[in-house]
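Below is one structure, written out as structure tokens; the observations come after it.
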Amino acid sequence: MDTYHLCLNEKKIKKAKYAFLPGDPERVPNIAGFFDEHKSIEIAWNREFRTWLGKINGEEVIVTSTGIGGSSTSIAVDELAQLGVHTFIRVGTTGAIQKDIDVGDVIITTASVRLDGASIHYCPIEYPAVANYYVLHALVESAKALDTRYHVGITASSDTFYPGQERYDSFSGYRYIIKRLQGSLKEWQQLNVLNYEMESSTLFTIASTLNLRAGCITEVIINRVNQQKINSKITKLAKEKSIKIAIGAMKRLIDNDKTLPNKRVKDGNKRSGR
Ligand code: URA
């Protein structure tokens, strides 16, 4: 039987265990375009959840869009986990909040500030939202190999784009940003948070609590320190670097897993490395 929202089953995904998770359904074929032999196919599209299937290094892999924010991300991750997927790499876009991070740079998230709501339905707020060490390591190694400007650190992961990221160019403007969030951008900056995005805290907490592996790489489309506005041309271009790094990281993880004793891989014991 198909899963409720993603409209997938184990047969359709050919028991794939590895998934890329962009937010945007339009990015799904872009990512699948980097799979082996360009033979990837679309296998489902319901609401914001679009899935393509292909192979990387001979292994079945899928790419599924999560839509924006924690609640739809939780559905995507939960339903893929139900089908046996154990490794997730989110590939998305982000707004930097540190001066030295330029538009076009990539950010690899080590851990996320939990400004989402979905993750508290999976674990208490004291539980950390951290990337899986092995996915994180694979992303960093892949970024190094591609000679790209990248930053590694903490991300603020917010369920809202406007108040949660302290944006005043919203419908309500200044008046309706609640007190708790006024000054929050500066505070995160001072606490060495690198950027804002909207899905990693949900992904990391669900993956950790279910003993799955997850990592996150995002491409910077705006630097909030300079009060920039999002430029749709830049957003369209901000795709290739993060995708290439994510593909390189997944190849490393797949190759490493092949050297593990089968049982440990099958059991989904993702705490183990080599
Ligand atoms: N995604 C976000 O969540 N925030 C930004 O500023 C840009 C992309």
Side-chain angles (χ1 to χ4, degrees), residues 3-8 13 16-28 30-32 44-52 61-95 107-125 127-132 135-136 139 154-165 195-219 221 239 242-243 246 249-250 270:
T3 54
Y4 193 58
H5 300 89
L6 269 53
C7 301
L8 295 171
I13 69 168
K17 304 291 178 213
Y18 301 86
F20 295 92
L21 300 176
D24 181 357
E26 273 200 18
R27 292 189 89 187
V28 171
N30 297 337
I31 295 173
W45 191 349
N46 182 41
R47 299 175 178 233
E48 60 267 65
F49 307 113
R50 182 182 192 183
T51 300
W52 280 47
V61 290
I62 56 170
V63 48
T64 298
S65 51
T66 60
I68 295 178
S71 47
S72 61
T73 300
S74 76
I75 290 171
V77 176
D78 203 305
E79 291 190 9
L80 292 176
Q82 289 168 33
L83 300 178
V85 176
H86 58 50
T87 301
F88 301 87
I89 299 183
R90 161 162 157 69
V91 193
T93 54
T94 190
I107 296 179
I108 298 169
T109 300
T110 53
S112 300
V113 183
R114 292 174 61 188
L115 303 178
D116 70 299
S119 70
I120 56 171
H121 291 198
Y122 282 83
C123 51
I125 195 68
Y127 193 93
V130 284
N132 172 271
V135 181
L136 176 63
L139 283 167
I154 298 172
T155 292
S157 191
S158 163
D159 252 354
T160 55
F161 182 78
Y162 290 102
Q165 302 186 17
N195 60 317
Y196 280 121
E197 59 76 76
M198 301 180 69
E199 292 80 19
S200 62
S201 55
T202 307
L203 170 64
F204 289 167
T205 45
I206 296 178
S208 297
T209 56
L210 301 179
N211 198 17
L212 309 168
R213 302 186 295 195
C216 171
I217 180 160
T218 46
E219 201 152 326
I221 57 168
K239 285 178 178 168
S242 50
I243 295 176
M250 201 65 105
K270 297 307 138 208

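Positions are given from 1, in the same order as the sequence printed here.
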**Study point:** Under 3.5 Å donor-acceptor, S72 side chain and T66 backbone
**Key:** yes

Practice item. State the CD1-OG1 distance between I154 and T110, to the nearest 0.5 angstrom. Key: 5.0 Å

Review point. Backbone N or O of Y196 within a donor-acceptor pair of the T94 side chain at under 3.5 Å?
Key: yes

Study note, to complete from the structure: When every non-hydrogen atom of F49 is compared with those of S65, the smallest separation belongs to CD2-O, 3.3 Å

Check your understanding: Do the side chain of T51 and the main chain of A44 share a donor and acceptor less than 3.5 angstrom apart?
Key -> no

Check your understanding: Just by distance, with hydrogens left out, do S201 and S157 show a side-chain donor and acceptor under 3.5 Å apart?
Key -> yes

Point to revise | Close side-chain approach of Y4 to I75, heavy-atom, < 4.5 Å | key: no

Point to revise | Spacing of L139 atom CG and S242 atom OG [to the nearest 0.5 Å] | key: 10.5 Å

Point to revise | Exam field: side chain S158 to backbone T160, donor-acceptor pair closer than 3.5 Å | key: yes

Exercise for review: With the side chain counted from C-beta on, respond yes when L80 and L8 share a heavy-atom pair under 4.5 Å apart, and no when they do not.
Suggested key: yes

Check your understanding: With side chains defined as the heavy atoms from C-beta onward, is the minimum distance between P22 and I31 less than 4.5 Å?
Key -> yes

Practice item. Kindly indicate whether the side chain of R114, heavy atoms from C-beta on, has any atom under 4.5 Å from the side chain of Y127. Key: yes

Exercise for review: Determine yes or no for a side-chain-to-main-chain donor-acceptor pair under 3.5 angstrom, with D159 supplying the side chain and G117 the backbone.
Suggested key: yes

**Study point:** Test item: V28 and W45 side chains (from C-beta on) under 4.5 Å apart, heavy atoms
**Key:** no

Check your understanding: Can T3 and E79 be counted as having a side-chain donor-acceptor contact under 3.5 angstrom?
Key -> yes

Review point. Sub-3.5 Å donor-acceptor pair from the side chain of R27 to the main-chain atoms of V91, do we have one?
Key: yes

**Study point:** From E219 atom CD to N195 atom CG, the distance as rounded to the nearest 0.5 Å
**Key:** 12.5 Å

Review point. Does S74 use its side chain to pair, donor to acceptor, with the backbone of S71 at less than 3.5 Å?
Key: yes

Revision key, fill the gap. Rounded to the nearest 0.5 Å, the CZ atom of R50 sits from the CD atom of E26 at a distance of 7.5 Å

Review point. Quick one: are F20 and R90 in side-chain contact, heavy atoms under 4.5 Å?
Key: no

**Study point:** Close side-chain approach of T202 and V77, heavy atoms under 4.5 Å
**Key:** no

Check your understanding: What pair of heavy atoms forms the shortest contact from G164 to L115, and how long is it?
Key -> O-CD1, 4.3 Å

Check your understanding: In Å, rounded to the nearest 0.5 Å, how long is the span from OG1 of T109 to CG of L203?
Key -> 10.0 Å

Revision key, fill the gap. Heavy atoms of I89 and A249 approach each other most closely as CD1-CB, 4.0 Å

Practice item. To the nearest 0.5 angstrom, please state how far the CD atom of Q165 sits from the CD atom of E197. Key: 8.5 Å

Review point. So, do I13 and V85 sit near enough that their side-chain heavy atoms are less than 4.5 Å apart?
Key: yes

Revision key, fill the gap. Shortest non-hydrogen pair, F204 vs C216, comes out as CZ-CB, 3.6 Å

Practice item. Answer yes if the side chains of R213 and T87 hold a donor-acceptor pair under 3.5 Å, and no otherwise. Key: yes

Practice item. Determine, stepwise, if the pair E199 / I68 fulfils side-chain contact (heavy atoms from CB on, under 4.5 Å). Key: CA-CA 7 Å; E199 292 80 19; I68 295 178; 3.9 Å; yes

Practice item. Please name the pair of heavy atoms, one in F161 and one in M198, separated by the smallest distance, quoted to 0.1 Å. Key: N-CE, 3.5 Å

